[in-house]
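In what follows, chains are A, B, ... by sequence order, proteins preceding strands, each numbered from 1. Side-chain atoms are counted along with the backbone in the values below, which use heavy atoms only and exclude waters and symmetry mates.
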Amino acid sequence: MDLNRRQFFKVAAVGLGGSSLAALGMAPTPAFAEQVRHFKLARTIETRNTCPYCSVGCGLILYSQGDGGKNVAQNIIHIEGDADHPVNRGTLCPKGAGLLDFIHSPSRLQYPQVRKPGSSEWARVSWDEALDRIADLVKTDRDANFIEKNAQGQTVNRWLTTGFLAASAASSEAGYLTHKVIRSLGMLGFDNQARV
Amino acid sequence: MSDKPILRYNANERTNHWLVAILFILAALSGLALFHPALFWLSHLFGGGPWTRILHPFMGVLMFVFFVGLVLRFWRANYFIANDRLWLKRIDRVMRNEEQGVPPIGKYNPGQKLLFWTLLLCMLVLLVSGVVIWRAYFSSYFTIDSIRLATLLHALAAFVLVLSIIVHIYAGIWIKGSLSAMLHGWVSRAWAKKHHELWYRQVTGDKPAEPPINKKG
Amino acid sequence: MTNHWTDIANANLILVMGGNAAEAHPCGFKWVTEAKAHNKARLIVVDPRFTRTASVADYYAPIRTGSDIAFMGGLINYLLSNDKIQHEYVRNYTDVSFIVKAGFGFEDGLFSGYDAAKRSYTDKSGWGYELDEDGFAKVDPTLQDPRCVYQLMKLHYSRYTAELASMICGMPQERMLKIWEEIATCSQPGKTMTILYALGWTQHSIGAQIIRSAAMVQLLLGNVGMPGGGVNALRGHSNIQGLTDLGLLSNSLPGYLTLPGDAEQDYDAYIAKRALKPLRPGQLSYWQNYGKFHVSLMKAWYGANASAENHWGYDWLPKLDIPGYDVLKMFDLMGQGKVNGYMCQGFNPIAALPDKNRVSAALSKLKWLVVMDPLATETSEFWRNVGPFNDVQSADIHTEVIRLPTTCFAEEDGSLVNSSRWLQWHWKGADGPGETRTDVRIMSELFLRLRKRYQAEGGAFAAPLLNLSWPYKVADEPSPEELARELNGNAVSDLTDASGATIKAGQQLSAFAQLKDDGSTASGCWIFCGSWTEQGNQMARRDNSDPFGMKQNLGWAWAWPANRRILYNRASADPQGKPWDPDKRLVWWNGKTWGGTDTPDYKADVPPEAGMNPFIMNPEGVARFFAVDKMAEGPFPEHYEPFETPIGINPLHPNNKQATSNPAGRIFDSVWDTLGQAKDFPYAATSYRLTEHFHFWSKHCKLNAIVQPEQFVEIGEVLAQEKGIVAGDRVRVSCKRGHIEAVAVVTKRIRPLQVNNQTVHQVGIPLHWGFTGSTRHGYLTNTLVPFLGDGNTQTPESKSFLVNVEKI
Amino acid sequence: MASQDIIARSATTTPPSSIRQLEEVAKLIDTTKCIGCKACQVACSEWNELRDEVGHNHGTYDNPQDLSAESWTLMRFTEHETDDGNLEWLIRKDGCMHCADPGCLKACPSPGAIIQHANGIVDFNQDHCIGCGYCITGCPFNIPRISQKDHKAYKCTLCSDRVSVGLEPACVKTCPTGAIVFGSKQDMKEHAAERIVDLKSRGFDNAGLYDPDGVGGTHVMYVLHHADTPRLYAGLPDQPVISPLVGLWKGVSKPLALLAMGAAVLAGFFHYVRIGPQRVEEDEHPSPPDSSVQVVDPAVHVYDPNQPGGQGEQRP
C-alpha cells in the first residue's frame with residue numbers, strides 16, 4: 001500500500017485534528033484555588049482540660065466530633081495546647097502532643113478481668129462480680145488481721161496486711177475520696193508515686 | 001529482466017518490526033505526556049497520569065526486548081561498506097531524488113545504517129537511565145545525583161530516538177515501496193535494483209548493468 | 001516549687017542540676033528560654049550527661065552521679081570565704097545567729113547521737129538551740145559565738161575546698177570555679193538565681209540532704225521568697241503534688257497533718273506536740289493552728305459522728321508503731337509473705353520500684369492484687385511470661401489478679417495540682433471506652449459494699465466505716481463538685497470569723513483562717529480552703545492577665561495556700577518592708593497593710609517594725625541553715641557516697657567505713673548482699689527519663705512509640721572504644737541484681753571523669769520500655785536499681801548504682 | 001496571611017491569577033533554642049493523621065531514621081566539638097523549606113500536582129500527583145518522599161489547611177521553647193535579627209540567618225549558631241540551588257526539543273510537497289508473486305557485503 005499526495009494530506013489532517021480535539025476536550029481542567037486539605041475542626045466541640053503527664057499542668061483543648069446532640073457519641077479527634085494558659089501558652093511537649101493516642105490506645109482496658117491463681121490468661125467478669133469479690137477479699141483479710149491494741153495494750157487500730165498505692169494522675173477529688181475510704185479501713189500500707 | 005518480486009522481509013521480521021513500532025508509539029506518547037505540559041493530555045490515552053506513569057516503563061522495557069530481536073536479525077547487514085561514504089557525500093542528490101553519481105548500496109543505505117546504530121544506542125541509554133528513575137522499584141538504590149543525571153539522559157535519548165523515528169517514518173512514506181515491503185515483505189526487482197543494487201545483485205546473481213547514460217526519477 | 005513556672009522568667013541565672021527540665025518539663029522550660037531572651041539570663045547545667053537541657057546552656061559542667069553535696073558544700077564554702085552572701089537577708093531572715101546546744105557535734109563523718117547497731121541517730125537531743133528561761137532560742141546577732149549556726153556552718157564546710165569538691169565530683173576545677181563565680185554574683189540584692197531540680201536529686205540515698213544544701217545556697221544568696229528565685233522541685237506527675245498535699249502517704253493526713261504514733265494515746269498531747277509555740281518573740285509560728293485544721297478534717301470525714309466527746313474520732317485513725325509503712329517497707333514485708341492483699345490505683349510498681357525481680361517475687365507472694373488503670377500495665381501482667389523481658393512461670397504464681405478499667409483525664413471532671421501548687425479544674429471531653437469507670441466510682445462502690453457487709457455481719461473495728469460521712473447525692477458516684485466543695489470546707493454551724501462577718505451553716509468557707517477547732521467548721525484539706533468558696537469554683541478561673549508584669553497571674557486557677565504564688569514572699573522585701581529591688585517587687589508594706597503583685601505569705605496587718613519574720617510556718621520565724629532534728633542524717637548536709645560507689649571510699653572520711661555511705665540511709669537487712677562492688681561492676685550508672693516518653697504510659701501511644709521506639713543505653717566514646725562497642729550494637733548491662741539488654745548509643749556527651757585520682761566511666765540508662773505497649777518490648781530498667789533509699793523520704797537510689805557493660 | 005491564592009502550578013505554562021498583593025508567611029526555626037524534644041514531629045503527625053512505622057534505635061537519637069511519606073519532619077542530631085574543645089549538640093528540624101523557587105514544582109510533570117500559594121506555601125495535591133518522583137529529583141533539600149502505599153508524593157504542607165483559616169502550623173503551635181515561630185516573612189527576619197544579636201552576646205560570633213538565595217529564599221528559615229557552615233547541621237546545604245542537571249532537563253531544552261520534533265515533521269512534509277516521493281518506473285502495482293516462478297528469498301542467499309562482487313565497481 002502506498003500513499004499518494006492526497007492520501008498523505010488526509011492522514012496529516014486527521015492527525016492534526018485529532019490531537020487538537022484531544023487537547024481541547026480531554027486535557028485536565030486546571031483546578032485553581034484548590035484547597036488541598038480542608039480544615040477539620042470547623043464544627044467540633046472544644047473542652048478545656050489539663051495534661052495528665054508531668055506537673056507543669058499544661059492547658060489542653062480537646063476537640064471532639066459531634067455537636068453534643070442526643071444521638072452523638074462525642075469522639076475526641078484532636079488535642080491541642082490551650083493558648084490562654086499562662087504556662088504553656090498553647091504549646092505542648094511530645095508527650096502532650098501525642099495524647100490523642102493515649103485516649104485511643106490499643107492498650108486501654110475495656111472491661112473488668114480476673115486472672116485466677118496459676119492461670120496464664122485473663123477472664124472477663126462483670127463489674128458486680130469483680131467488686132463483690134474485692135469486697136470479700138478485703139473484708140476477710142481485714143477481719144483476720146486488724147490490730148486494735150498493740151503488745152503494750154495501747155489502742156492502735158491499724159491494718160497492715162493489705163496495702164494500697166494511690167494514683168499520681170487521678171484528680172484531687174478522686175485522691176481525697178480514696179484517702180477517706182482507705183483511712184477509714186485503718187490501713188497504713190498506703191502510699192503514692194511521689195518518690196518514683 | 002525478470003519481474004519476479006523479491007522477498008525483502010519474511011513474516012517474523014515483519015512482525016518483530018511492527019511490534020517494536022507499536023511499542024515505540026505507546027512509549028513515545030506516554031513519554032511525551034510526561035515530557036512537556038503541553039502534551040500532558042496524551043496521558044489520557046493511557047487512562048490518566050498515574051496509569052501513564054505505571055505503563056510507560058513496562059512498554060519501554062518491552063520495546064527494548066523486541067528491538068534486541070531486530071538487532072540480532074539485522075546487525076550484520078548494517079556494517080558500513082566502501083560505497084557508503086560516497087553515498088553519504090552525495091546525500092543531497094539522494095534527497096533530490098537524483099541518482100546521478102549516487103553509488104549502489106547494499107541491503108541498507110548508510111542512512112538506514114546510521115539510524116540503526118543510533119536507535120541501538122538510544123535504546124541502551126533509555127533502558128539504563130529508565131531503570132534508575134523507575135521509582136516504584138529501583139530508584140531507592142541510587143543516589144539523588146545519579147537519578148538527576150539519569151533523568152536528563154533519559155529525556156535526551158528519547159528526544160534523539162523520536163527524531164530518528166520521524167525521519168525513519170518519513171523515509172518510509174517517501175520511498176515508495178518500502179512501506180509495502182515492511183507490510184507484506186515483497187519488493188519488485190526494479191525497486192531492489194534501484195534502491196539497493198548491491199543487495200539486488202547478490203540475491204539475484206545478476207551482473208551489473210552497463211553504465212547508464214542518465215536516469216530520471 | 002517555692003516559686004512557679006512562669007516566675008522562672010524573672011530569674012537572672014538559672015541552675016538546672018539534679019534534673020533535666022528541657023526534657024522532662026519542656027513547656028515549663030519555656031520560661032527559662034524567656035528569661036534568657038528577655039532578661040539576658042544565663043543558664044547553667046550540671047549533670048552527669050550532656051543533656052538536651054545542656055544543649056541550650058551557657059555553661060555546662062559534668063558531675064559524677066551522687067556527688068552533688070560535695071559541689072554544693074564547696075559552693076557554700078566559696079560563698080562564705082569570699083563573702084558573697086546577701087548580708088541583710090541572711091542576718092534577718094535566717095537562723096545564723098541562733099546558738100546551738102553544746103550536745104551537738106560532728107566527728108569523722110558522723111554527727112552526735114549515732115547508733116551504729118540501729119544505723120540511725122537515736123539520740124537527736126543535741127540537735128537543737130540553746131533556749132532561754134522563756135523558752136525562746138538564744139541568739140548572737142554579732143555571729144561571733146563559736147556555737148552560733150553561722151560559725152558552725154562555716155566550720156562544717158571549711159573542709160569542702162575546691163580541690164576536694166572537684167576530686168569528689170570529677171568536675172574540672174576551673175569549670176567548677178567559673179560556675180561558682182557566676183552563681184556568687186546573685187548575692188547582690190535583686191539579682192536572683194533559680195534552682196530547678198527533680199528526681200536527679202531526690203533519687204539518691206542522700207537526696208533530701210542534697211536539696212537542703214541547695215536551699216542553704218539560696219538562703220546565703222537571699223534568693224528564697226524572691227521572684228526568679230527559690231528552690232524548685234519540678235514534680236513528676238500531673239497530680240503528685242495534689243496527692244502529697246492530700247496526704248496519701250503512710251504517715252500523713254491531708255494538708256501535711258500527720259498520723260499519731262502508738263505512744264500518742266492522748267489526743268490533746270497529740271495536738272500540742274504539733275501546734276508549735278514560737279521560738280522567738282513576736283513570731284507567728286502558724287502551725288499553732290494545727291488543732292483547727294485537724295478538727296475540721298475529722299468533721300469533713302466523720303460529720304456529726306466526730307464530736308468533742310470522742311476527740312473528733314481520734315481513735316478511728318490508725319496509729320504508727322514505726323515511722324511509716326511506705327512502699328519500700330510494704331514490698332519488703334510482702335517479700336517476707338506478711339502482706340496478703342494489695343491494690344494499685346494508676347500505679348505500676350513493678351516498673352517504678354527498684355529491683356524488678358525483687359518486686360516481682362514479692363507480688364508473687366500476694367494472695368490477691370487489684371489493679372485499677374486505664375492501661376494494661378506490667379504490674380497487672382507481672383505473672384505473664386514475656387520471654388526474656390519477663391521470664392516467669394505463670395503456673396507457679398498463685399496471686400489472684402483483678403484488673404479494673406478506669407477512665408482517663410479526658411473522660412472525667414476534676415482538679416489537678418501542678419508543681420506551682422495551682423489547683424486547675426478540667427472538664428470531661430468524652431465517655432471512656434467500653435465499661436470503664438472513674439476512680440471515684442470504683443472507690444465508692446467498694447466502700448459501700450464493705451459498709452453493707454459490716455452493717456450486715458459486723459467484723460473487726462467497724463466503727464470508722466459505719467461512722468464515715470457519706471453525704472453524696474449519688475452515693476455510688478459522688479460528683480467531683482461535691483468532693484471539691486468538701487475539700488474546701490464549709491460552716492457546720494453559724495460562726496463569725498476574725499473580721500466579725502457571720503458565715504451561715506452550710507456556707508462554703510473562703511479561707512483557712514476561718515477554720516475552728518470547736519467542730520463548727522469542716523474542711524477536707526485546710527490548705528485547699530479557698531478553692532471553692534461561696535463565689536464558686538476558684539480552680540476554674542481563667543483570667544490570665546498580669547497587671548504588674550511580674551508573671552504572677554493571680555486570676556488564673558487557684559494556688560494553695562490562699563492563692564499565694566510564691567512562698568515566703570515576705571522575704572522579697574527588706575526588713576523595712578520595701579522590695580530589695582523595685583524591678584523584683586512581690587509584696588510590700590504600704591503603711592497600713594501588706595500587698596502587691598502576689599498574695600502576701602504573711603500576716604497582712606503586721607507592720608515591719610513588729611519584727612515578725614517571713615518564715616511564718618517555722619516557730620523560729622526564720623529559715624534554717626541548721627535543720628535541728630528534722631533530718632535523719634543530721635542538721636548539716638554532708639557528702640556520703642552512693643551505696644554502690646565506684647570509688648569504694650568517701651574521700652572526706654577515708655578511714656571511717658560507717659561514713660562511706662549514708663549512715664542513716666534506708667536499707668533493709670536482706671538488701672546488703674544484693675549490692676555490687678566496683679571490682680565486679682566498675683561503671684557508675686544513672687537511670688533517667690527521655691523527653692519523648694512519659695514514664696511507662698506514653699509507650700502505649702503510637703505517636704510516642706514512633707519517635708523513640710526501642711530501648712537503648714548511652715555510653716561514652718572512650719568506654720565504647722575500650723569495649724569495642726559501636727553505635728547500634730546490642731549490649732548487656734548487668735549488676736548484682738540482674739541484667740538488661742539494649743541498643744548502644746555511643747556519644748561524646750558522656751565523658752570519663754577523674755574521681756579520687758581514678759577514671760570513672762558513667763553509663764546512662766533510660767527507663768521507658770517494658771513488656772506491654774506499642775514500643776518494641778524492652779527490659780524494665782529498674783531491674784538494675786538497688787532496693788534502698790533516702791532515710792527521710794524513702795526515695796530509692798535510682799540515680800546511682802554500679803553496672804558492667806558487655807557487647808553481646 | 002490566610003489567603004491560599006495560587007501563584008504557581010506545576011506543569012502549567014500559563015500564569016495563574018496573581019494580581020493580589022499578599023504578604024508572604026514564614027516559619028523560623030531557631031536551632032539555638034531547639035531542645036530536640038520532637039514535639040513538632042508528634043504534633044505534625046497528629047494533626048496530619050500520620051502514623052509511621054515503629055522503627056528501631058540505630059544508635060542515635062534520630063527517630064524515625066529519615067523523612068518518609070508518613071514523617072514529614074524530624075530532628076537531626078549532631079554532636080559537634082568546637083575548636084576550643086566545647087561540646088555542642090546541634091539539633092535541626094528537617095523538612096520542606098517552601099522555597100520561593102521550588103525545584104519540586106519545576107520538575108513536576110503533572111498539572112496542578114504541586115502548587116505554590118501566594119503566601120509562599122508550596123503544597124502537593126495528591127489528587128493530581130502521578131507518583132513519578134520527579135519532585136524528589138528536583139528538590140535541592142531532598143525532602144519529598146513517595147509513599148509505597150499509594151505511590152503519591154508527600155511532604156510538609158506548612159499546614160496549609162490551618163494557615164488557610166488563620167491558624168499557625170501545628171509544629172509552630174506546639175513548640176515548647178518557642179524555637180519555631182511563625183508570621184510574616186518580614187517579621188520573622190526581624191525576630192531572627194534580635195536572636196542573632198543575643199547569640200553574639202553569648203559568644204556565637206558566626207550566628208546568622210539561613211534564607212538561601214540559591215532557591216530565591218525560603219519560607220522556612222533557620223537561625224544557626226554557625227551560619228558560616230550550615231553543613232554542620234546534619235548536612236544542611238551550604239549553597240542550595242536547583243541542580244543544573246534538573247535545570248537543563250526542565251529548562252529551555254524541553255520547548256526546543258518539541259520544536260525540533262515539530263520541525264522534523266514539517267521538514268518531511270515540505271520535502272514531500274516540493275520533491276515528492278521516489279517511485280520505481282514500472283507498474284505501481286507489481287503482480288502478486290506467482291509460485292510457479294523462481295523467487296529469491298534472502299534467507300537462502302545471505303547477503304555478505306565483504307564477498308567479491310559485494311563491492312560494486314564505481315560508475316564513471
Side-chain angles (χ1 to χ4, degrees), chain A residues 47 49-50 52-53 55-58 62 74 76 86-88 91 93-95 98 101-103 105 107-111 113 115 117-118 120 131 135 137 141 143 146 154 156 158 161-175 178-179 181 184 186 188-189 191-192 194-196, chain C residues 5 26-28 235 237-238 240 242-244 246 248 262 318-319 325 327 330 340-347 352 368 375-376 394-395 398 401 403 405 409 414-416 418-419 424 426 429-430 434-435 439-440 443 447 449 459-460 464 468 480 483 544 553 694 698 700-704 795:
Chain A
T47 311
N49 207 295
T50 305
Y53 286 140
S55 62
V56 174
C58 294
L62 315 176
Q74 291 303 129
I76 297 168
V87 176
N88 67 305
T91 66
C93 76
K95 304 169 270 286
D101 283 10
F102 183 101
I103 296 173
S105 169
S107 306
R108 282 297 298 272
L109 304 176
Q110 307 278 333
Y111 42 76
Q113 293 161 301
R115 179 264 179 186
S120 56
L131 290 166
L137 290 167
D141 187 59
D143 289 350
F146 193 86
Q154 297 165 317
V156 295
R158 60 172 162 254
T161 51
T162 289
F164 192 103
L165 280 177
S168 51
S171 67
S172 297
E173 293 69 30
T178 302
H179 195 168
V181 169
S184 76
L188 283 177
D191 210 335
N192 68 41
R195 304 179 173 88
V196 290
Chain C
W5 292 109
C27 292
R235 304 301 308 266
H237 292 208
S238 57
I240 204 57
L243 283 138
T244 313
L246 290 163
L248 282 79
D262 284 4
K319 295 190 178 58
Y325 290 87
V327 65
M330 281 308 278
N340 303 319
Y342 210 65
M343 296 184 253
C344 298
Q345 180 189 60
F347 193 143
W368 53 273
L375 298 167
S394 305
H398 301 296
V401 184
R403 183 159 79 173
F409 71 102
S415 67
L416 301 175
N418 76 354
S419 224
Q424 303 189 99
H426 66 272
E435 299 179 0
D439 291 320
V440 166
M443 293 311 292
F447 171 75
R449 277 174 164 76
L468 198 68
L483 292 165
N544 61 6
N553 305 106
F694 183 82
S698 61
H700 295 278
C701 312
K702 182 114 192 261
L703 280 164
N704 300 92
T795 305

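- Under the 3.5 Å distance criterion, with hydrogens and angles disregarded, no donor-acceptor pair is assigned to the side chains of C:H700 and A:S105.
- Of the two parts of A:T47, only the side chain, counted from C-beta on, holds a non-hydrogen atom closer than 4.5 Å to a non-hydrogen atom of chain C.
- In terms of heavy-atom pairs under 4.5 angstrom with chain A, the leader among C:N340, C:D439, C:N544 is C:N340.
- Applying the salt bridge (charged side-chain N to carboxylate O under 4.0 Å, His left out) rule to A:D141 yields no partners; only residues at least two apart in sequence or on another chain are considered.
- Heavy atoms only, all atoms of each residue included: A:S172 and C:L416 are closest at OG-CA, 4.5 Å.
- Using a 4.5 Å cut-off between heavy atoms, C:D262 contacts chain A through both its backbone and its side chain.
- Among all heavy-atom pairs drawn from A:E173 and C:P480, the shortest one is CG-O, 3.4 Å.
- Under the 3.5 Å distance criterion, the side-chain polar atoms of C:Q424 are matched with a main-chain donor or acceptor of A:G57.
- Here C:R449 pairs with A:D128, A:D132, C:E445 under the salt bridge (charged side-chain N to carboxylate O under 4.0 Å, His left out) rule; sequence neighbours left out.
- With hydrogens and angles disregarded, a donor-acceptor distance shorter than 3.5 Å links the side chain of A:S55 to the backbone of C:R235.
- Heavy-atom distances place both the backbone and the side chain of A:L165 under 4.5 Å from chain C.
- Closest approach of C:K319 to A:R158, counting heavy atoms only: O-NH1, 2.6 Å.
- For the pair A:Q113 (side chain) and C:R403 (backbone), a donor-acceptor distance under 3.5 Å is absent.
- For the residue pair C:T244 and A:A194, the shortest heavy atom distance occurs at OG1-CB, 4.0 Å.
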